Amino acid sequence: QVHVMESGGGSVQAGGSLRLSCSASGDTSSAYCIAWFRQLPGSEREAVAGIVTSGGARYLHTPLQGRFTISHDNANNVYLDIKNLRPEDNATYSCAAEPGCSALNLGPKIVRQEFTYWGQGTRSTVVP
């Protein structure tokens, strides 16, 4: 079982940058994927980005390329960096973990939101 917890949300001015962190704990000895999703007010949850912790393969939702970056460190933390924040980035950002995930199925799993372990989410508000 993998436990994930988000941090780093808050209020940020439009045009600024934000780093969200996802900390994974529990059974992290095997390869797994971490993905970020977001839910805008009044909308369905949508995929943002994902990464395979072993090997570093990445997936980034096409419309977000250029402003969003996903990375990880050796301490089971995955980061989502957002630059040039826009009001439409107002959302609750959640991370999720999927054991046994690989570079081959990372994209499809993210698109279908097929992740087993989910965090509570962290809210980010972009102030005009």
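Owing to the predicted nature of the structure, the values given are computational and were not obtained by experimental measurement.
Put simply, the side chain of N76 reaches to within 4.5 Å of the side chain of Y32, judged on heavy atoms. Inter-residue side-chain proximity for D89 and R67 is flagged as met; some heavy-atom pair is nearer than 4.5 Å. Looking only at side-chain heavy atoms (C-beta outward), T125 and V12 stay at 4.5 Å or farther from each other. Using a 4.5 Å heavy-atom cutoff, the side chains of L60 and Q65 are in contact. Annotation: side chain of S124 is in contact with side chain of L20 (closest heavy-atom distance under 4.5 Å). Taking 4.5 Å as the limit, every side-chain heavy atom of I70 sits out of range of all side-chain heavy atoms of Y79. Taking the side chain as every heavy atom from C-beta outward, L64 and V48 approach each other to under 4.5 Å.
S102 approaches C33 most closely through the heavy-atom pair N-SG, 3.8 Å. Taking both residues in full, the closest heavy atoms of L40 and A91 are given as CD1-CB, 3.8 Å, listed atom of the first, atom of the second, then distance. Heavy atoms only, all atoms of each residue included: L18 and G8 are closest at CD1-O, 3.4 Å. Between A47 and I110 the shortest heavy-atom distance is CB-CG2, 3.3 Å. Across L80 and A49, no two heavy atoms sit closer than the pair CD1-CB, 4.3 Å. Nearest approach of F115 to A97, heavy atoms of both residues: CD2-C, 3.6 Å.
In this structure, CZ in R86 is found 5.5 Å from CG in N84, a value given to the nearest 0.5 Å. From I82, atom CD1 reaches atom OG of S17 across 9.5 Å, with rounding to the nearest 0.5 Å. Taking NE2 of H3 as the start and OG of S23 as the end, the distance is 8.0 Å to the nearest 0.5 Å. Taken to the nearest 0.5 Å, the NE2 atom of H72 stands 6.5 Å off from the OG1 atom of T53. Atoms CZ and OG, on R123 and S11 in that order, are 10.0 Å from each other to the nearest 0.5 Å. Between the CZ atom of R112 and the CG atom of N105 there is a distance of 8.5 Å, given to the nearest 0.5 Å.
Hydrophobic clustering, with ILVMFWY side chains joined whenever heavy atoms are under 4.5 angstrom apart, keeps I34 apart from L106. Neither Y59 nor I51 shares a network with the other; the hydrophobic side chains, linked directly or stepwise wherever heavy atoms of I, L, V, M, F, W or Y lie under 4.5 Å apart, form separate groups for each.
A donor and an acceptor atom, one from each side chain of S21 and N77, are nowhere located under 3.5 Å apart. No hydrogens or angles considered: a donor-acceptor pair under 3.5 Å links the side chains of E98 and T116.
Annotation: cation-pi geometry not satisfied between R45 and W36 (NZ/CZ under 6.0 angstrom from ring centroid, within 45° of ring axis). A cation-pi geometry, defined here as NZ or CZ lying under 6.0 Å from the six-membered ring centre and within 45° of its normal, does not hold between R38 and Y93.
Between the D27 side chain and the V2 main chain, no donor and acceptor come within less than 3.5 Å of each other. Here the side chain of T122 pairs a donor or acceptor atom with the backbone of G9 at under 3.5 angstrom. E6 contributes no side-chain N or O that, together with a main-chain N or O of C22, makes up a donor-acceptor pair within less than 3.5 Å. Under the 3.5 Å distance criterion, the side-chain polar atoms of R58 are matched with a main-chain donor or acceptor of G56.
Enclosure of atom CD in Q1 is not indicated, since only 12 or fewer non-hydrogen atoms of other residues, nucleotides or ligands lie within 6.0 angstrom. Environment of CD in E88: crowded, with over 12 heavy atoms of neighbouring residues, nucleotides or ligands closer than 6.0 Å.
Ring geometry, W118 versus F37: the interplanar angle falls from 30° to 60°, so the pair is classed tilted.
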